[in-house]
2 protein chains.
Amino acid sequence: MRLVIAECSAHYTGRLSAHLPLARRLIVVKADGSVLLHSDGGSYKPLNWMSPPCAMAVRPADEAEAESGVTEIWTVQHAKSDDRLEIELHEVFHDSEHVLGIDPGLIKDGVEAHLQAMLAEQIEILGAGHTLVRREYMTAIGPVDILARDPQGAAVAVEIKRRAEIDGVEQLTRYLDLLNRDPLLAPVQGVLAAQEIKPQARVLAEDRGIRCVVLDYDAMRGVDDVDSRLF
Amino acid sequence: MRLVIAECSAHYTGRLSAHLPLARRLIVVKADGSVLLHSDGGSYKPLNWMSPPCAMAVRPADEAEAESGVTEIWTVQHAKSDDRLEIELHEVFHDSEHVLGIDPGLIKDGVEAHLQAMLAEQIEILGAGHTLVRREYMTAIGPVDILARDPQGAAVAVEIKRRAEIDGVEQLTRYLDLLNRDPLLAPVQGVLAAQEIKPQARVLAEDRGIRCVVLDYDAMRGVDDVDSRLF
DNA sequence: GATTGAATATCGACG
DNA sequence: CGTCGATGTTCAATC
């Protein structure tokens, strides 16, 4: 990754044509050849950029260009489209190169943990009179997302997903098999709770006597203040 | 603008929860307090970021954190929402500060100018036998995008828009009123040319005897080589 | 189907 | 009505 701070102007042609007047900016040249032009404000979005795959050609300014203060011209051409970004560099204030390596990338902690925390606090979403036993109720084959009791005191095992598919039903079925062997718990009712339940998952779940509950994330979030306590 | 290259990990909570495992990254702190975390690949989009308005608090690592290699913790809190970005800095490889000043910002040369240039070159799109008089034909109230002549030599005033709405019809109507007072031009026919013409605009235009022409940008672009001459 | 990446457009909020 | 900022989402393409 190359970082350059320089007075520069730029032209972009592609989906549209645009230009950037002369100003001092940050130019980032990434290892894959992509280029970002950032100002000191605005959002996370660069003023202009070229996404990979692309190639950059550098040439020194000709006499006429040098006359107007240009030192180098960088032409960044997209490999597949006609998109082109042309940067005219004037005075350069900083220029450094850094090796970063491959990034493991962003890991979304997922709405699932969030849904679990909120459902635990709003357990009556399962039905009036339900009470929470505990989150992450441990079994030999892993933790059940939520264990609760219905108004009659019968155990309820809840599997939470953002999008419930067949897998989720299978998983919950395994937990139910196991929990139902415990005389202190049996009979255990199963609930599949998710923001979105795929049709096949719903059919399979209901066929197995598992109740499906669609969770309204925004509504739950509006009710609950758990957000601030998640981390 | 502050540029930091460092080993770091990060947590984000807001619309969703996410974390970035330890890796070497570019951290940009803009003058307005916004923060961008970039890897050496991906698109123009940062791995994670915090947009303004926001404030950054820096604190040294406590003993336990220092134990695991953390040197500083940066907490970036959005001013209006609960969005928060927490960055744990480990080894720092580069740290520099730069004053960029206000950026004049991106100027879109617009598809409109492009369409105008192409239509001028492919004026027979208006109909066989049409000839170009000139682009940006000046009038007292501003320039008409294109002035042409039909096969019979009658004047044709063209208003070009990317998306033609009521405004465009009104604008063209004003030009036509003016042009029709010129005995050398009158009677002047009006043409509303656009990639997309809104229904109301079409109705109003046709009601006023203005012809509507839908321009196929890609087809025009395929025919024409004007792209390369725009700049 | 699921998964990945690209988006320089479009929408909505805001002043 | 215009500008600015947001899309931390959506969608298409691809595998």
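For clarity, every value in this text was computed on a predicted model and none was experimentally measured. To find a chain, count down the sequence lines: A is the first, B the second, and so on, and within it residues start at 1. As a basis for the values below, the full set of heavy atoms in this structure was taken, side chains included, without hydrogen atoms, waters or symmetry mates.
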Judged by nearest nucleotide, the residue sitting upstream toward the 5' end of DNA chain C, B/Leu106 or B/Lys80, is B/Leu106

*asked:* I'd like to know if A/Asp145 pairs up with A/Arg135 as an ion pair, taking the criterion as any Lys NZ or Arg NE/NH1/NH2 lying under 4.0 Å from an Asp or Glu carboxylate oxygen.
replied: no

Taken to the nearest 0.5 Å, the spacing of B/Ser51 OG from A/Tyr44 OH works out to 8.0 Å

Note: contacts of residues 21-33 of chain A with DNA chain C (heavy atom, under 4.0 Å) are none

Query raised in the report: Checking all strands, does B/Pro52 fall into the base, sugar-phosphate, or nothing category for heavy-atom contacts under 4.0 angstrom?
Result: sugar-phosphate

Considering only heavy side-chain atoms of A/Ser43, the closest of D/dA6, D/dG8, C/dA7 is D/dA6

With the side chain defined as heavy atoms from C-beta on, B/Lys45 is closest, among C/dA6, C/dT8, D/dG8, to D/dG8

* Roughly how far apart, to the nearest Å, are C/dA9 and D/dT9 at atom C1'? -> 13 Å

query: So, do B/Trp49 and D/dG8 meet the stacking rule of ring centres under 5.5 Å and planes under 30°?
result: yes

Task: Distance-only donor-acceptor test, A/Asn48 side-chain atoms vs C/dT8 base atoms, 3.5 Å - done: yes

Rounded to whole Å, the NE2-C1' distance (A/His38 to D/dG5) equals 15 Å

Item checked: Distance-only side-chain donor-acceptor flag, B/Lys30 / A/His38, under 3.5 Å -> yes

Inset, instruction - Quote, to the nearest angstrom, the P distance that separates C/dT8 from C/dT4. - result: 22 Å

| field | Between B/Ser96 and B/His94: side-chain donor-acceptor atoms closer than 3.5 Å | value | yes

B/Tyr44 atom OH is separated from D/dT7 atom P, nearest whole Å, by 11 Å

Atom CE of A/Met50 and atom C1' of C/dG5 are separated, to the nearest Å, by 17 Å

B/Ser51 has its side chain closest, among D/dG8, D/dA6, C/dA7, to D/dA6

Correct closest heavy-atom pair for A/Asp40 and B/Gly101 would be CB-O, 4.4 Å

For residues 206-215 of chain A, the salt bridge (Lys or Arg N to Asp or Glu O under 4.0 Å) pairs (sequence neighbours left out) are A/Glu170-A/Arg208, A/Arg202-A/Glu206

message: Between the side chains of A/Glu159 and A/Arg174, is the shortest nitrogen-to-carboxylate-oxygen separation below 4.0 Å, so that they form an ion pair?
response: no

Taken to the nearest whole Å, CG/A/Leu47 to P/D/dC4 is 13 Å

query: Say you pick atom P in C/dG12 and the same atom in D/dT10; how far apart are they, in whole Å?
result: 13 Å

